2 protein chains.
Amino acid sequence: MNSLTEENYLKTLFVLANESGEVNVIDLSKRLNIKMPTVTSMMKKLAVKKLVHYESYKPLRLTERGKKEAGIIIRKHRLTEMFLVQVMNFGWEEVHEIAEQLEHTHSPDFFEKMDEMLGYPKIDPHGSPIPDKNGKIEWKKYSKLSNCRVGEALKLTAVIDSSEEFLKFLNSRELKLGLKVKVKSIEPFDGTMVISYGKKLNETLSQTVTKRLLGELIQG
Amino acid sequence: MNSLTEENYLKTLFVLANESGEVNVIDLSKRLNIKMPTVTSMMKKLAVKKLVHYESYKPLRLTERGKKEAGIIIRKHRLTEMFLVQVMNFGWEEVHEIAEQLEHTHSPDFFEKMDEMLGYPKIDPHGSPIPDKNGKIEWKKYSKLSNCRVGEALKLTAVIDSSEEFLKFLNSRELKLGLKVKVKSIEPFDGTMVISYGKKLNETLSQTVTKRLLGELIQG
DNA sequence: TAATTTTGTTAGATGAATCTAATTTAGTAG
DNA sequence: CTACTAAATTAGATTCATCTAACAAAATTA
């Protein structure tokens with residue numbers, strides 16, 4: 001059995017690897033808000049438990065077992081988020097923090113029941129895929145809004161950031177998953193975009209925002 | 001903010017005080033499966049935090065603040081049990097272990113929502129009172145089945161033990177809260193009772209069991 | 001390639017929660 | 001009242017997760 005702390009390292013390692021390929025000690029350190037020497041020693045510990053491959057000065061890699069265990073934690077997190085939104089009527093901006101705590105619950109039955117009540121969902125309220133019971137994830141290849149060109153249209157399918165602040169911002173602009181957004185113009189200097197969607201014909205979004213919005217390109 | 005460990009000491013202290021009045025180091029030690037010296041040092045720590053009154057060799061007592069915090073943890077535990085049974089369709093024998101974990105979730109909203117969905121219940125699935133938001137509990141004075149005499153009848157309202165094993169035993173005899181049970185005979189040697197209820201006319205229950213069943217006497 | 005910066009590791013300390021062994025206090029039984 | 005037993009405390013060790021300071025390796029820049 002892994003400790004809560006170990007679970008957080010595994011999960012973060014998994015997430016970072018999927019965000020950016022190679023994960024270094026400093027990346028984990030920053031994401032977890034934990035100093036590098038602490039990360040190094042935890043990596044050694046997890047290596048002994050055969051959850052990570054660890055070699056000094058090399059990028060950090062989860063073993064197959066590590067990936068599976070991390071995937072299961074992420075599954076629990078995302079199922080919980082879905083449950084909070086669908087069953088308990090929370091807003092998508094409220095659920096991340098709560099799921100961060102509930103994901104460490106050790107009770108297969110609890111998550112089994114959630115999954116059943118939700119009808120075996122494949123994605124969470126932020127559009128992220130829910131790993132299966134073996135921790136395996138099916139990745140979709142979405143485009144970032146920030147990479148779109150003028151005239152292109154995107155159907156929003158996921159957000160990259162589930163923080164309350166970001167989602168509240170999206171709420172304030174009535175931006176939600178499923179919307180079709182069209183790029184009207186891009187400021188070359190800083191990448192700020194003007195987009196239209198729904199009833200909004202001229203919303204301006206900074207690159208900080210457009211980099212966090214994913215979707216499927218719509219031809220036409 | 002109290003640690004998970006501290007929360008468990010507070011909760012157990014509260015429960016033991018309500019079970020048996022005075023609580024000694026050894027009682028807490030046994031209930032928590034933690035050695036006495038560890039309990040002593042935790043009591044000193046909680047005393048510094050003004051959660052318990054601690055004096056060497058004296059019984060352990062929660063302060064008002066300690067009672068409030070403990071009550072709130074118990075509230076979270078019992079609301080969770082109710083939620084698991086009512087909303088998620090778990091059996092009453094399955095929920096204790098899960099609630100034991102979820103009770104440490106720090107999110108007023110989460111429990112607020114549960115409470116609302118459940119219609120502000122006053123008792124949990126085992127008949128125990130749910131403390132209010134200030135941790136205050138309203139105790140009912142129930143009778144133990146083990147204290148009843150031949151010919152008396154009891155409406156079952158609560159169980160004293162929420163363990164899976166005990167509740168599975170009750171399930172196997174179709175014993176549930178709300179039932180009216182009548183004492184048909186008592187073996188003087190060991191207190192074993194023969195009772196009738198529902199369609200069962202001759203069920204034999206050991207004192208181990210009858211001591212754990214509470215109810216209201218029915219005059220008849 | 002040499003100098004500098006960034007990244008990573010080693011060594012050693014700290015605090016929380018636990019333990020065992022030894023000692024002390026309180027309660028009980030002669 | 002003394003002796004014994006049970007309960008509680010003190011002292012000191014251990015493990016986990018963390019830190020800071022110092023050093024080493026790798027990467028980058030000049």
Side-chain angles (χ1 to χ4, degrees), chain A residues 1-17 19-62 66 69-70 73 100-101 103-104 106, chain B residues 1-14 16-17 19-63 66 69-70 73 100-101 103-104 106:
Chain A
M1 184 74 69
N2 305 310
S3 70
L4 190 151
T5 309
E6 290 167 336
E7 288 195 352
N8 280 330
Y9 279 90
L10 290 174
K11 180 184 65 160
T12 306
L13 213 34
F14 190 100
V15 168
L16 284 177
E19 274 176 18
S20 42
E22 292 209 334
V23 183
N24 300 309
V25 173
I26 202 172
D27 305 322
L28 246 190
S29 168
K30 281 178 180 157
R31 185 63 71 100
L32 290 169
N33 265 305
I34 280 175
K35 297 289 178 289
M36 293 203 320
T38 310
V39 172
T40 299
S41 61
M42 181 57 85
M43 289 307 105
K44 288 179 177 173
K45 189 176 166 199
L46 294 178
V48 171
K49 296 179 93 176
K50 303 281 180 210
L51 294 165
V52 307
H53 295 295
Y54 177 75
E55 289 178 87
S56 300
Y57 301 105
K58 295 272 169 65
L60 306 171
R61 285 163 43 232
L62 287 167
E69 309 219 344
I73 298 161
E100 206 72 6
Q101 298 180 59
E103 74 192 4
H104 302 291
H106 293 295
Chain B
M1 186 72 70
N2 306 310
S3 71
L4 191 151
T5 309
E6 290 167 335
E7 289 195 352
N8 281 330
Y9 279 90
L10 290 175
K11 183 185 61 160
T12 306
L13 213 34
F14 190 102
L16 285 178
E19 274 177 19
S20 43
E22 292 208 335
V23 183
N24 300 308
V25 173
I26 202 171
D27 305 322
L28 246 189
S29 167
K30 280 178 180 156
R31 185 65 70 99
L32 290 169
N33 264 307
I34 279 175
K35 296 291 178 289
M36 293 206 326
T38 310
V39 171
T40 299
S41 61
M42 181 57 85
M43 287 307 106
K44 289 178 177 174
K45 189 177 167 197
L46 293 178
V48 171
K49 297 179 94 177
K50 303 282 180 209
L51 294 166
V52 306
H53 295 294
Y54 177 74
E55 288 178 273
S56 299
Y57 301 104
K58 295 272 169 65
L60 306 171
R61 285 163 42 233
L62 287 167
T63 62
E69 310 219 345
I73 298 161
E100 205 72 5
Q101 299 180 59
E103 74 192 3
H104 302 291
H106 293 296

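Just so we're clear, the structure is a prediction, and the values are computed from it rather than from any experiment. Below, chains carry the letters A, B, ... as their sequence lines are ordered, and counting in each starts from 1.
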Spacing of [atom1] belonging to [X] relative to [atom2] belonging to [Y], to within rounding of 0.5 Å:
| X | Y | atom1 | atom2 | result |
| --- | --- | --- | --- | --- |
| A:M36 | A:K30 | CE | NZ | 9.0 Å |
| B:E55 | B:M43 | CD | CE | 14.5 Å |
| A:L13 | A:L10 | CG | CG | 7.0 Å |

So, applying side-chain hydrogen bond (donor to acceptor under 3.5 Å, both in side chains) with B:K11, which one of B:E69, B:H104, B:E100 is it?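 Testing each of B:E69, B:H104, B:E100 against B:K11, the sole residue satisfying side-chain hydrogen bond (donor to acceptor under 3.5 Å, both in side chains) is B:E100.
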
How close or far is atom [atom2] of [N] from atom [atom1] of [X], stated in whole angstroms?
| X | N | atom1 | atom2 | answer |
| --- | --- | --- | --- | --- |
| A:M36 | C:dT9 | CE | P | 8 Å |
| A:L60 | C:dT9 | CG | C1' | 13 Å |
| A:N24 | D:dT28 | CG | C1' | 15 Å |
| A:M42 | D:dT15 | CE | P | 16 Å |
| B:K58 | C:dT25 | NZ | P | 14 Å |
| B:I26 | D:dA8 | CD1 | C1' | 9 Å |
| A:E22 | D:dA27 | CD | C1' | 14 Å |
| A:K35 | D:dT18 | NZ | P | 11 Å |

More than 12 non-hydrogen atoms from neighbouring residues, nucleotides or ligands closer than 6.0 Å to NZ on A:K49, yes or no?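 Yes, the 6.0 Å shell around NZ holds more than 12 heavy atoms from other groups.
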
Please find the pair of heavy atoms, one from B:E7 and one from B:H106, that lie closest to each other, and give the distance.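 Nearest pair, atom of B:E7 first, then B:H106: OE2-CE1, 3.2 Å.
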
Would a distance-only check, ignoring hydrogens and angles, find a side-chain to backbone donor-acceptor pair under 3.5 Å from B:T12 to B:N8?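 Yes; at least one donor-acceptor contact below 3.5 Å.
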
Quick check for you: among [options], whose closest atom lies nearest to any side-chain atom of [X]?
| X | options | result |
| --- | --- | --- |
| A:T40 | C:dT10, D:dT9, C:dT9 | C:dT9 |
| B:S41 | C:dT9, D:dA7, C:dT18 | C:dT18 |
| A:V25 | D:dA8, D:dT18, C:dG8 | C:dG8 |

So, does A:K44 get its side chain near the phosphate of C:dT10, meaning an N or O under 4.0 Å from OP1 or OP2?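 Checking A:K44 against C:dT10: at least one side-chain N or O falls below 4.0 Å of OP1 or OP2.
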
At under 4.0 Å between heavy atoms, what does B:S56 touch on the DNA or RNA strands: base, sugar-phosphate, or nothing?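 Sugar-phosphate only.
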
Would you mind telling me which residue lines up with the more 5' stretch of DNA chain D, B:K30 or B:P37, judged by nearest nucleotide?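 First, find each residue's nearest nucleotide; the 5'-ward one identifies B:K30.
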
Using a cut-off of strictly less than 4.0 Å between a heavy atom of the residue and any atom of DNA chain D, enumerate the qualifying residues of residues 3-10 of chain A by number.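 Of all residues in residues 3-10 of chain A, the ones placing a heavy atom under 4.0 Å from DNA chain D are A:S3, A:T5, A:Y9.
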
